[in-house]
2 protein chains.
Amino acid sequence: MVAMAQGTPDTAEMRVDRSVTTLRGLTLEKMRDAILDFRFRPGERLVERTLCERLGVSRSVVREVLRHLEAEGLVETIPHQGPAVARPDPAQAAQIYEIRGLLESEAARACALQASDAAIDELAAAIDQIDAAFQTGSPRAVLKATTDFYEILFRAAGKPVAWEVVRSLNARINHLRGMTVVTPERHAHAIAEMRALHAAIRRRDGEAAWRASADHVAMVARLAAERLASLPPG
Amino acid sequence: MVAMAQGTPDTAEMRVDRSVTTLRGLTLEKMRDAILDFRFRPGERLVERTLCERLGVSRSVVREVLRHLEAEGLVETIPHQGPAVARPDPAQAAQIYEIRGLLESEAARACALQASDAAIDELAAAIDQIDAAFQTGSPRAVLKATTDFYEILFRAAGKPVAWEVVRSLNARINHLRGMTVVTPERHAHAIAEMRALHAAIRRRDGEAAWRASADHVAMVARLAAERLASLPPG
DNA sequence: TATGATAAGATGGTATACCATAAGATTGTC
DNA sequence: GACAATCTTATGGTATACCATCTTATCATA
């Protein structure tokens, strides 16, 4: 143990690690991942007893997990009709993209001003991962890699709370994002946009980073709106 | 029933209202209100059996409500130590104010551009309510009236999703807000700031509304930071 | 008087039972 | 064949039981 300064001894290092995962914690993770991984369709009913069978836990655990997901906006519950995977309507989706624009661009700006060199390198690596994910053609892989990129960006910007908000909002439009994320022409554009953002961050240009991020979100918002417009109603 | 246009008959008005409040719904509302109304202190343990007695419901209901509040960020649960009212640290509080600044100012701008005359009148009335609440000297009343004002503003701006985000973040710093909201000098300043914001909205000046809102949030953020700095740690 | 051991109480985690209500299936009648 | 009535099944809501673990209280010993 390193020598400590005079005064109150710092015993934080001594604290016993009591982290233990409950069944509920594990189940919440699995359900959230299953929803985000397109294992359930928006609108699909989440019948408690069916989930008990699939997950191998009691209804108590399932109900508590559903309450959590409900508060996160991933599940909606109609009284006496039961829970179902949430379906964001077009107006909500548009607002979510707008909020993302506000928060992501501000994070990009702050990232340019204060990110460590290590974080900037991590961002570059994350863009390479996104590129590789596009090659696989899998929306899942692209969304996962994109999420990793933004997590690095927000944390490097010193904005974990904003990241929580964006991640939560993105979860609500995950299915829509999944439908718009992978097309051949989108691959090239997306990577170019992200490299432009990264270049701005690397040269510590807050203004340009802000611009690049705002432009990127505006682009994906438009793609999503077009996609929604082409879907049958309901 | 009013006559309808040719085509698919609009039967929305005919739909049977099946809203029925569950015990869980009622309990969630009561618990949330109790936390926001300073009936529980940040860090205070929420013992399940104690809550059962106070609320008159079973542990099933209490546990599901705690899961919901946990996901909302109002409650934090340490494994095998149980739930407690959440305590936002200073860094989180600062980020919450920054996010509010981004979302509220954008909503103010949009409100100036598109709010109905009726909504603008409602905003004026809401400011009068805030003024009256300050006279009572009650932080609860001031926070309640302020929440009403912002709900009107966000809805008039057409941004219910952003309002959800702001309301949720505000809930997490409710106690801090309660500590900073009411002082004699704050009363005059706060009302002046809100009237300035309202005047900008009334004259449909998006830019000025944006500025007034951003300034207001910056002001309350600074007051909160000062207050936090004056508290003992822990 | 202080410390260690033991017992009792408190608490969160998880499972299951019971109930009311809604939905679906089946049967009977016109 | 269509519709109404009846029966059965499915489902969410709520309560309670049981268990393991942790905390607190009590007792014994040095």
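Per chain, numbering begins at 1; letters A, B, ... match sequence-line order. Basis for what follows: all heavy atoms, side chains included, without hydrogens, waters or symmetry-related copies.
Inspection of the Ser213(A) and Glu104(A) side chains reveals no N or O donor paired with an N or O acceptor under 3.5 Å. Using modelled atom types, one finds a donor on one side chain and an acceptor on the other under 3.5 Å when comparing His68(A) with Glu72(A).
When rounded to the nearest whole Å, the span between CG of Leu46(A) and P of dA10(D) equals 19 Å. Rounded to an integer number of Å, the gap from Glu76(A) CD to dG12(D) C1' is 16 Å. Between the CG atom of Leu55(B) and the P atom of dA15(D) there is a distance of 11 Å, given to the nearest Å. Glu64(A) places its CD atom 11 Å from the P atom of dA15(C), with the value rounded to the nearest Å. Atom-to-atom, CZ of Arg59(A) to P of dT14(D) comes out at 11 Å; the value is rounded to the nearest Å. What separates CD of Glu48(A) from P of dT14(D) is a distance of 11 Å, to the nearest Å. Residue Leu51(B) contributes atom CG, which lies 11 Å from atom P of dT11(C) at whole-angstrom precision. Separating the CZ atom of Arg45(A) from the C1' atom of dG24(C) is a distance of 12 Å, rounded to the nearest angstrom.
For dT14(C), its base never sits under 3.5 Å from the side chain of Thr22(A) at any donor and acceptor pair.
Partner Val62(B) forms a side-chain contact (heavy atoms from CB on, under 4.5 Å) with one of Met31(B), Arg67(B), Glu48(B) and no other, that one being Glu48(B). Test Asp37(B), Leu69(B), Val75(B) against Arg32(B) for side-chain contact (heavy atoms from CB on, under 4.5 Å) and you get one pass: Leu69(B).
Listed pair Ser58(A) / dA15(C) meets the phosphate criterion, a side-chain N or O lying under 4.0 Å from OP1 or OP2. Between Arg63(A) and dT16(C), a side-chain N or O to OP1/OP2 separation shorter than 4.0 Å is absent.
Within the 4.0 angstrom heavy-atom criterion, base atoms lie near Arg49(A). Heavy atoms of Arg24(A) sit under 4.0 angstrom from primed sugar atoms or phosphate atoms, though from no base atom.
Nearer to the 5' terminus of DNA chain D, by closest-nucleotide assignment, is the contact made by Pro83(A) (compared with the other of Ser60(A) and Pro83(A)).
Using the six-membered ring where Trp is involved, Tyr150(A) and His216(A) have ring planes that are parallel, under 30° apart on the 30 and 60° scheme.
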